[in-house]
Protein chains: 2
Amino acid sequence: MSGLQNVRRPATLASLAAELGVSRTTVSNAYNRPDQLSAPLRTRVLEAARRLGYPGPDPVARSLRTRKAGAVGLLLTEALSYAFRDPAATGFLEGLALACEAAGQGLLLVPVSPEHVDVTAVLQAGVDGFIVYSVREDDPHFLAVLERPVPTVVCDQPHGVEGVDRVGVDDRAGMLCLARHLTGLGHRRIGVLCMRLGAGRYDGPADQERQLGATYPVQRDRLAGLRDGLAEVGVDWAGVPVIERFLHSVDAAESAAAELLTAHPDVSAIVCTSDILALGALRYATERGLSVPEDLTVTGFDGVPEAARADLTTVRQPLLEKGRVAGEMLLERGERDRPRRVTLPTELVVGGTSAEPRAAQRFFSGW
Amino acid sequence: MSGLQNVRRPATLASLAAELGVSRTTVSNAYNRPDQLSAPLRTRVLEAARRLGYPGPDPVARSLRTRKAGAVGLLLTEALSYAFRDPAATGFLEGLALACEAAGQGLLLVPVSPEHVDVTAVLQAGVDGFIVYSVREDDPHFLAVLERPVPTVVCDQPHGVEGVDRVGVDDRAGMLCLARHLTGLGHRRIGVLCMRLGAGRYDGPADQERQLGATYPVQRDRLAGLRDGLAEVGVDWAGVPVIERFLHSVDAAESAAAELLTAHPDVSAIVCTSDILALGALRYATERGLSVPEDLTVTGFDGVPEAARADLTTVRQPLLEKGRVAGEMLLERGERDRPRRVTLPTELVVGGTSAEPRAAQRFFSGW
DNA sequence: TCGCTGAACCGTAACGGTTCAGATACGCGC
DNA sequence: GCGCGTATCTGAACCGTTACGGTTCAGCGA
C-alpha cells in the first residue's frame, strides 16, 4: 500500500454555501448548471471559491451520486508495464485510447501483481466498465471483473463468456491461411514456437495433451489452424514439435528456437504464434549463421511494426482498429440486448522470411 | 459524453445488513476486517451476499469515505494515444507503471481533447495524485491539475512550479556535451530541428525571439546547450538555422530536414532535439541520396530503442528510470517539507551517424 | 458473587455531492 | 386586482460506504 492520501479539502461545497449564505444547491449549480442561477450570484460563488481555496466539486463524491466514474478500466494478465512494452498491446491500447478520448473517458490501468494473486485492485477500481485484454480463461482477476456490476468487453480471449461482449480476430482461419502458404511452398517439416498455454510457469515442449488443455484460446486456435492446414497435405500433427515459452520476449523466443532446432535440425520452417517470437527465431538464425529464407523459413503472427521492418511473413491483424472497436463497444450508448461478438479480418502478409525449402527437404514427410 | 453508466447495484451493504439482521458495520467488517467478527457470521454474510448478488463494497463510495482513490492520474499534453506511440513516452510510462504496480496503485490516463480545450476530465478524475508528463508551462490542463488538492509530480517540464516535485534531466548540459562532440569533430555549419516551442500550430523556421519565448523549457534548454557549445568555438548562434515542427513524428521531421537543407545546403550536421526528429532527418538523407555520416552528420536526443537500432549519435537519458522515480516520488509516504527536484544523469552516445565533416566544410565559419 | 477483560457487534455521523419537488418573488396580460 | 408563467433559489432526500466510539456479554479468577 502507498502512503498517498488526499489532503483534507480546504473547503467543501457546504462550507462555501454557508460562507455565502446560500444553499448547497446554488453552489452546485454554479458549477454544473450556470443557467440555473443569476450571473452575479454565480460570479460571487466562484469568487468566494477562489478566495477560500475551494477546488470545485469533489470528483469522487460526484461519482458516487451520479453513478458514473468517467473512466474505463483495463485489465491485462501481464504486469502493468507490459502494456507499454509489447508492440501488439501497444497498438491495441493506442486504438483504445482513441476511443476513450473521443468519449471523454479516462483509461484506468488496473495493477495486477504478477507475483501473488490479489484482486483487490480490480474491486477497488472506480470505473464504469472494463476492457479485458487477452487473459487466461480462469484468470482470477478476470473472474473478479465479472463480479463487478459493470459492462465488460473482452478482447481476444477468453472466448464465449456469458453476457460479455468480445472483439477479436479469427485466429484459426488466419493461421490456416498462413499454413497453406507454407505447404504451398513445399514445407512439410515444420516446428512451432508458441506463447504460454497455461497458468503455471513452464518452458519447453508442449505435447498434444498440453495443447488441448491450454487455457489461452488464442494460442489454442492458432495451433489448431496450423494443424488444419498441415492435415490438408497429410502431415500428422503428432509429429510437429511445439516449443512453449512462458515469457513473451525476443530473448525467450531465441532460446526456444535453439531448443527447437537442436532437437529437430531437419525443420525447414519455424512457425511462431506471434511476431515477437518470430523476431527471436530470426535472431537465433542469424546467430547460428542460418540464412533466412534460404536455410530456414520463419513466420509470425500479428503484424506489428517491428515485423514489417524485419520484412517478416506474418498474419496481420488490425491492432489499432481492434482497440478502437473494443472501446466503442463498451462506450456505445443504447441497449444491448445480447452480447455482441465482433470478428475483425486478418490478412496474410508474405514477406522475405518465407520461401521454398531446400530441394532435399521438399515434400519430405517421413517423420 | 458517453452513454456508459453503472447499472444500479442489485444490493447494497445496507440491504444486505437488513436482510441478515446485522449492522452495516458488520457487513463492512466481513469484507475489510475479517478478524472483527466471528468466522461463522462472516460466512453467513458472504453467503447472503452471493445469494442476493451483492458484488462487495462499492469502490466509489469507499473512496469517498476513506479519501483515497487508489489511482494516480497521468496528464499528457498530447492526445492520449500519444502515450503509446512515442517511444520516449512509452519508456517513461513503463517505468511509471512499474512504480504504480509496486504500490498497488492504478494509473489513470486522463483524456485531453487535442482539439478544443476542456479541463473537465482533469477535474473529474478520481485520483490521489497527478503525474504531469512534459507539458507546456501555460497548459490549461496543467493549471487545472494544480487546482486539485492532491500532490503532483512533474516530469521534465514545466520547470520550477511552486510546491510541485519534479524529475528530469539536465537538458542543457546534455546538449552541451553533444555540441562539444560535434565541434570537436570540426563541425561549424550546423542546422537544427526542434519540437514545438509554443502553443499554436506552427511549422517553419524559429528565429531567436521565438526560441526565447518558447513555453517548453526542455526545448529551450536543449537549444541553449547547443548555443553554449557553439559559442565555445566562436560560432554565432544568430547564424544557426532552427526549423520547428508542431507534430512530433518521423514524417514531420523528414519535411523539416528538407526545409533545412533546401535553405541551407552547406550544413554539415543536423542536430535534432529528439531521436524521432533525427530518424526523420536520416530518412530524408537516405531519400536524397546523402550518406550519413560521410555527407551529413545527424544527432538526436533521448536514447530510445529505435535510435540504438539506427546507431544514432544521441544523448541518452534514463527514460524508464525517470518514470519509476516520478512514480516513487508521488507515492512515497512521509512528509515532504519542500518540493524535491531530481535530476537524472545523461550520457553521450556516439553512434555511426556522426563523423568529421568533409574537408571543404571543416572549420568553415563564413556564413 | 463480583469485578474485570476481551471479543463481537452496533449506532451514529460523517464523506461531499446531486437532484427534484417546491417556495418565493416578480413581471405581465387582461 | 387577479391569475399565471418564469426566473431564481431552497430543503431535504439520497448515493453507499467506513470511522469512531461505544455497548453487550461470555468467561474467568478470586
Handout entry: By ring pair (Phe, Tyr, Trp, His ring centres under 6.0 Å) - contacts of Phe142(B) (at least two apart)
Key =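 Phe142(B) satisfies ring pair (Phe, Tyr, Trp, His ring centres under 6.0 Å) with no other residue.
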
Practice task
Decide yes or no for Val119(B) and Glu147(B): does some side-chain heavy atom of the first lie under 4.5 Å from some side-chain heavy atom of the second?
Solution key: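 Of all side-chain heavy-atom pairs linking Glu147(B) with Val119(B), none is under 4.5 Å.
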
Practice task
List in numerical order all residues of residues 21-31 of chain B for which some heavy atom is under 4.0 Å away from an atom belonging to DNA chain C.
Solution key: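 Here the set is Gly21(B), Val22(B), Ser23(B), Arg24(B), Thr25(B), Thr26(B).
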
Check the distance between [N]'s [atom2] and [X]'s [atom1] and give it to me in whole angstrom.
{"X": "Lys68(A)", "N": "dG17(C)", "atom1": "NZ", "atom2": "C1'", "answer": "15 Å"}
{"X": "Gln124(A)", "N": "dT18(D)", "atom1": "CD", "atom2": "P", "answer": "11 Å"}
{"X": "Asp58(A)", "N": "dT18(C)", "atom1": "CG", "atom2": "P", "answer": "9 Å"}
{"X": "Arg67(B)", "N": "dG16(C)", "atom1": "CZ", "atom2": "C1'", "answer": "8 Å"}
{"X": "Leu64(B)", "N": "dT18(C)", "atom1": "CG", "atom2": "P", "answer": "12 Å"}
{"X": "Leu123(A)", "N": "dT17(D)", "atom1": "CG", "atom2": "P", "answer": "13 Å"}

Handout entry: Under-4.0 Å salt bridge between Glu78(A) and Arg85(A)
Key =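 Salt bridge absent between Glu78(A) and Arg85(A).
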
Exercise for the section: Indicate yes or no: does Asp128(A) engage Lys68(A) in a salt bridge with an N to O separation below 4.0 Å. Expected result: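 The answer is no: the pair does not qualify as a salt bridge.
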
Exercise for the section: Name every residue in residues 35-51 of chain B that has at least one heavy atom under 4.0 Å from any atom of DNA chain D, in order of residue number, or write none if there are no such residues. Expected result: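 Of all residues in residues 35-51 of chain B, none places a heavy atom under 4.0 Å from DNA chain D.
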
Problem - Exercise: do Thr25(A) and Ser28(A) side chains pair donor with acceptor under 3.5 Å - result: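 No.
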
Donor-acceptor list for residues 130-138 of chain A side chains, cut-off 3.5 Å, not counting sequence neighbours:
| unit_1 | atom_1 | unit_2 | atom_2 | d |
| --- | --- | --- | --- | --- |
| Ser134(A) | OG | Gln157(A) | NE2 | 3.0 |
| Arg136(A) | NH1 | Asp138(A) | OD1 | 2.9 |
| Glu137(A) | OE2 | Arg220(A) | NH2 | 3.4 |

Problem - Closest heavy-atom pair and its distance - Ala79(A), Glu101(B) - result: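 Nearest heavy atoms, Ala79(A) then Glu101(B): C-OE2, 3.1 Å.
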
Problem - Leu96(A) side, atom CG; Arg324(A) side, atom CZ - distance, nearest 0.5 Å - result: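 Nearest 0.5 Å value for the CG-CZ distance: 11.5 Å.
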
Handout entry: From Arg24(B) atom CZ to Ser15(B) atom OG, the distance as rounded to the nearest 0.5 Å
Key =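 Between Arg24(B) CZ and Ser15(B) OG, I get 10.5 Å after rounding to 0.5 Å.
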
Problem - the helix from dT1(C)-dA30(D) to dC30(C)-dG1(D): angle between end helix axes, five pairs per end, rounded to 10 degrees - result: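 Nearest ten degrees gives 50° for this helix.
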
Practice task
Output yes when at least one side-chain N/O atom of Arg33(A) is less than 4.0 Å from OP1 or OP2 of dT19(C), else no.
Solution key: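 It does, given that an N or O in the side chain of Arg33(A) lies less than 4.0 Å from OP1 or OP2 of dT19(C).
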
Can you give me every donor-acceptor pair (side chain of residues 34-49 of chain A, partner residue at least two apart or in another chain, under 3.5 Å) with its distance?
| unit_1 | atom_1 | unit_2 | atom_2 | d |
| --- | --- | --- | --- | --- |
| Arg42(A) | NE | Ala30(A) | O | 2.7 |
| Arg42(A) | NH2 | Ala30(A) | O | 3.3 |
| Thr43(A) | OG1 | Ala39(A) | O | 2.9 |

Practice task
Return yes if the base of dT18(D) and the side-chain atoms of Arg65(B) contain a donor-acceptor N/O pair under 3.5 Å, otherwise no.
Solution key: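 Under the 3.5 Å cut-off, the side chain and the base do form a donor-acceptor pair.
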
Practice task
For Leu109(A) and Leu107(A), run side-chain contact (heavy atoms from CB on, under 4.5 Å): C-alpha distance rounded to whole Å, both residues' side-chain angles, the deciding distance at 0.1 Å, then the answer.
Solution key: CA-CA 6 Å; Leu109(A) 310 186; Leu107(A) 182 58; 4.3 Å; yes

